[in-house]
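Okay, structure first, notes after.
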4 protein chains.
Amino acid sequence: MIIVMKQGAKKENIEAVIDLVAKNNLKPVPLYGTERTVIAVIGDERVLNKDTVEAMDDVEKVMEVLKPYKLAAREYHPENTIIKVGEGANCVNIGGKEIVVMAGPCAVENKEQIISIAKEVKKAGAKILRGGAFKPRTAPYDFQGLGEQGLKYLAAAREETGLKIVTEVVDPRDVALVEKYADILQVGTRNMQNYTLLKELGKAKKPVLLKRGMWATYKEWLLAAEYIISSGNPNVILCERGIRTFETHTRNTLDLAAVPALKELTHLPIVVDPSHGTGRRSLVSAMCKAAIATGCDGLIIESHTHPEKSVSDAEQTISTEVLKQLMKDFKKVAEAVGRKI
Amino acid sequence: MIIVMKQGAKKENIEAVIDLVAKNNLKPVPLYGTERTVIAVIGDERVLNKDTVEAMDDVEKVMEVLKPYKLAAREYHPENTIIKVGEGANCVNIGGKEIVVMAGPCAVENKEQIISIAKEVKKAGAKILRGGAFKPRTAPYDFQGLGEQGLKYLAAAREETGLKIVTEVVDPRDVALVEKYADILQVGTRNMQNYTLLKELGKAKKPVLLKRGMWATYKEWLLAAEYIISSGNPNVILCERGIRTFETHTRNTLDLAAVPALKELTHLPIVVDPSHGTGRRSLVSAMCKAAIATGCDGLIIESHTHPEKSVSDAEQTISTEVLKQLMKDFKKVAEAVGRKI
Amino acid sequence: MIIVMKQGAKKENIEAVIDLVAKNNLKPVPLYGTERTVIAVIGDERVLNKDTVEAMDDVEKVMEVLKPYKLAAREYHPENTIIKVGEGANCVNIGGKEIVVMAGPCAVENKEQIISIAKEVKKAGAKILRGGAFKPRTAPYDFQGLGEQGLKYLAAAREETGLKIVTEVVDPRDVALVEKYADILQVGTRNMQNYTLLKELGKAKKPVLLKRGMWATYKEWLLAAEYIISSGNPNVILCERGIRTFETHTRNTLDLAAVPALKELTHLPIVVDPSHGTGRRSLVSAMCKAAIATGCDGLIIESHTHPEKSVSDAEQTISTEVLKQLMKDFKKVAEAVGRKI
Amino acid sequence: MIIVMKQGAKKENIEAVIDLVAKNNLKPVPLYGTERTVIAVIGDERVLNKDTVEAMDDVEKVMEVLKPYKLAAREYHPENTIIKVGEGANCVNIGGKEIVVMAGPCAVENKEQIISIAKEVKKAGAKILRGGAFKPRTAPYDFQGLGEQGLKYLAAAREETGLKIVTEVVDPRDVALVEKYADILQVGTRNMQNYTLLKELGKAKKPVLLKRGMWATYKEWLLAAEYIISSGNPNVILCERGIRTFETHTRNTLDLAAVPALKELTHLPIVVDPSHGTGRRSLVSAMCKAAIATGCDGLIIESHTHPEKSVSDAEQTISTEVLKQLMKDFKKVAEAVGRKI
């Protein structure tokens, strides 16, 4: 931690800062510059509260040297984490050489729908079926999902196809229920800093797919992952799904630089959601290919046998027929960057 | 709803849209323009799913004419809503002529702290005591609040001073517990679209202070209020607390235009939080005065007898001594705009 | 400057940084921490290129301690700058106790229009007439202004009313021409980093009103002012006019915290433009009052005798009749904060 | 154009709008809905000023149906534009099957530097040499470029290597000068809405590379292109270089969805600048590959024989040695998406 004092800071205020640092068993190194005094802190600065120091008299700003997260940081865990989805020979690895495709409808609508879509996305080459049973919707009057019935239909689709299941959990009280049916528990963008939910997911045994908050910096996102890991569940998959910016042509701005940037900062696998990231069906293909080219570990794509009949997110959902075509292109790009699908 | 077809849209696709509109018992009015066909929809367009229409072939875009929220809209409820906090002669009204000041520490730290602060903010003229017992913190290693013990200390401070209590609830399972102690239940910025929590709060009998999500548009914020109201609780107080922008000098960008803009869009009262809105103690005074000048119904200010000892948000917390001084200035500005404090 | 090395940085790379610092006649102070080595730089770090240091091997990040601007900084110029507009007894001071109101149409349309508006805004109490002769318009097909003819009409309005004139210059080749007619030269938001124009304005003798770029941080804005001052013209008035955010209900998000924040960072006067800041006529009044309450030195308000006939920005222009009413309210708020209008 | 009247709009105000539409030789179609009256406008709405209509009494909002740009729109020019850089057999085509790589230093520093870099980037496979002679720098104290001398060195490098030259012009007075030496005239991000400069470039005979303003929507960007085209120069190359968002880990947020989105909206070629788009050397490779995968027509990459000695943008500049390695990977990705480098 580097503590910058204001120009003309009083001697007693400088000393108060030095004292505080020392009291926390850290070593203060005051540097008397031409214009300002700076106090460098040697030791694990995380024991010192940045806010508290910034609130002291004559302190201009406090700059952190160390990262506030540890368990999620590559520095403390240099090897890539590979997450096993499902068990035994049949399990799917996320974070290895293979780029895993997750596809399916926005919401589970009924048993026939989800099973027929599951069959088609399996034919296309997807390994994991996505589909919402609990839907967080912006308006209270929109379809909120089928709840546990939807989970049962997802399980039936797994039974039928062998696909693994990823589905969202929105309520901490439902974690055990969703875990009973799903293979991966998804945290939606709006819940990225729902700490109650994150801590509950820390107790789950299944992997968690943590979508980036549409307002969240990389640091905040990794701190959200840190919540889950420090609560006991190390199996966190990050999912870039676009951030909110001033551009309104696309639903969100898909921040693909997040992939290589997070590969440096963390050992956790990263998947990309170009459906929410663009909100436009016609842009999904190009952004899937781009995501693969950046080095992501998976894709999550809204796909439906009849997109125009989808009860939600229809405008960003591609047809399963189109998905089959696109998968050929995805394979080519994956090979070009030394990966496979 | 206005449905704009693509240039050169096929006749059958135009007809499909017209059919869909008619099937929903709405009246389609096709307008054949020089470059594009536009289909206007007469009737309550909210029965028609925008996504579904946008997903249809040859549809370029869909523009909404009606607002997606009703219960929160001033159109359907022209009178200001005045919310009673507490009961009987002693109750505090929010949304009337008086601007209500809520003040107190970021977090409840111990009984002595909260009671001594409560006494000081009461002397300053505040009517409501703020203080967190359940704290949503960005990092899992930061102080997370005292939980129910903190609620008890808040209740003790109310007992001692007669101030009402506003405190945050972060877990849907805690709504009943927090309601037992608090006079107003606060939803923090990160939980603005935690629909599980919102619906639970719709069953509460106490008013809800709904902070704006740092990423949320006015429309999304009012839809979050709509969740609470449509679940049974009409007593929602909106709280502008800054949005996330590219400017990093301040912690957030306090969007004061939200006050007059929302006064047009909704009948609900609006308070402003300049502490989180700026993240800098030295800016709080100016932004409180500005908030009053815009026509807000209340202020929520982080205030502590010893800000530098605050366990969280210290850098944006003003001392209770300063608060007393500022209240005199606040009164003058309130009078200048025909209000009182 | 504080140079943070990567974890496990090689000894030779640490030494290379130390050497570079020393070669620039600055004193390097290496601090060997538990996880990282940090090199503090003592001396005027501005001689050292941040980019160059960040590009060196094993450097993780470089944090600046000193501000990159000097002439605009309050640290080096603690007194408020008061800018004289016009000469002799008749001059208008910006930055003193009085809050100066500038009002007038978006664009000069013809001689009668500008003179009749000038008379009305003068009656309302404005001291400075605004109006564009050179208009930067988003679309090439929109009205681009009357050019020099417009400047002549503005001068005629000044002749008639005694009001000072503020008008925009968009082309470095026009600075001398605009200076011939105007009392204040305005730089529009889109040109805040048009350095060619800024340097040319540095040679002008008249004050410059520098609007904030809608994408610009406070630091970048002050560096733009630094361009003008360091080129020879110390008379820079800053103008907050809203920044671009995700909120689309308002044209921009008016960042009023900029006023008290910049009062700390700089000695230059600051005015506020609530017309562009909101883009909505019905919000102008509240935001003018709020701006006054924050401590701004002036307001610039789009005002027209017949707003609905305005050739541009009509939706954010208030009528001169309304302006007269509002000025009474503005005076009250100004008095409440110890200022006058 | 669709004009939405307020709920309960007065009859005379509705009629005033209808009259205005009719007076502009457009056909008004009033639609009397259950809650609101909407007036659809048939004809080329671009003759009607949106602002003016929005300023009328009882008008709630005005929604545009047609795009405000024409010359840049794919609707009016369905074929891709292929831009010839240079003349004769030796010319380079931008917008065809080949993805054109432009590489070179941020700034021209001296003759030896630019020639040695040119030779290396040519070996790597670049077709165009980039390098700034006129540099727009955020701080007035930073290196501002060599001016005409820099242009002469660029020309010498072309002579030596046969590479084409792209370089920035920042002053409308310098357009003829820069055109004398350069093959492509670059408009930097800060000047995207410097209309004076754009109009001057409309008179040039050489192609223009128009970088996206870091605050600009696609619509504003295409309107900037429209300025150049409507002033006489149809040879505009768009360049995505990142937008400003809340994320600070990267210098900008590279919006790669701009590539497929603009391919739909416009016929102009699009290149991507991952150096400025990320501001971090270690992310350049992944984002180049991603850009290729989206379907871009070119890349512009900051590259230097000794990045750490670069006078500007050093932290985002890759070495020419690294560029040579990367080009092999770029070729593979290009082939995977049916293009070549």
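Below, chain A is the first sequence line, B the second, and so on; all start at residue 1.
In this structure, the portions of B/Asp171 lying under 4.5 Å from any heavy atom of chain A include both its backbone and its side chain. Only the side chain of B/Ser230 comes within less than 4.5 Å of a heavy atom of chain A; its backbone N, CA, C and O stay farther away. Contact annotation for A/Asn49: only side-chain heavy atoms (C-beta onward) come within less than 4.5 Å of a heavy atom of chain B. Contact annotation for B/Thr217: both backbone and side-chain heavy atoms come within less than 4.5 Å of a heavy atom of chain A. In this structure, chain B has no heavy atom under 4.5 Å from any part of A/Phe143. For B/Pro136, the parts lying near chain A are the backbone and the side chain together; criterion is any non-hydrogen pair under 4.5 Å. Residue contact with chain A, scored on non-hydrogen atoms closer than 4.5 Å, is absent for B/Phe134. Of the atoms belonging to A/Pro68, it is backbone heavy atoms, and not side-chain ones, that fall under 4.5 Å from chain B. For chain A, the nearby part of B/Gln144 is the side chain; its heavy atoms alone come within less than 4.5 Å.
When all heavy atoms of A/Pro307 and B/Ala55 are compared, the pair lying nearest together is O-CB, 4.5 Å. Taking both residues in full, the closest heavy atoms of B/Thr138 and A/Tyr227 are given as O-CE1, 3.5 Å, listed atom of the first, atom of the second, then distance. Across all non-hydrogen atoms, the minimal contact from B/Ser310 to A/Thr52 is O-OG1, 3.6 Å.
B/Lys70 NZ: more than 12 foreign heavy atoms inside a 6.0 Å radius.
Exactly one residue among A/Leu71, A/Ile228, A/Leu223 makes a side chain to side chain contact (heavy atoms under 4.5 Å, CB included) with B/Pro140. That residue is A/Leu223.
When each of B/Glu54, B/Glu308, B/Arg173 is scored by its heavy-atom pairs under 4.5 Å with chain A, the top score falls to B/Arg173. Put simply, of A/Arg137, A/Arg281, A/Glu220, A/Lys61, the one with the most heavy-atom pairs under 4.5 Å next to chain B is A/Arg137. Highest contact tally toward chain A, considering only B/Met214, B/Met56, B/Arg280, is held by B/Met214 [criterion: heavy-atom pairs under 4.5 Å]. Here A/Ala139 is the residue among A/Ala224, A/Ser231, A/Ala139, A/Ser312 with the most heavy-atom pairs under 4.5 Å with chain B.
Proximity to chain A at a heavy-atom threshold of 4.5 Å picks out B/Arg190, B/Asn191, B/Gln193, B/Asn194, B/Tyr195, B/Thr196, B/Lys199, B/Glu200 from residues 187-200 of chain B, in numerical order.
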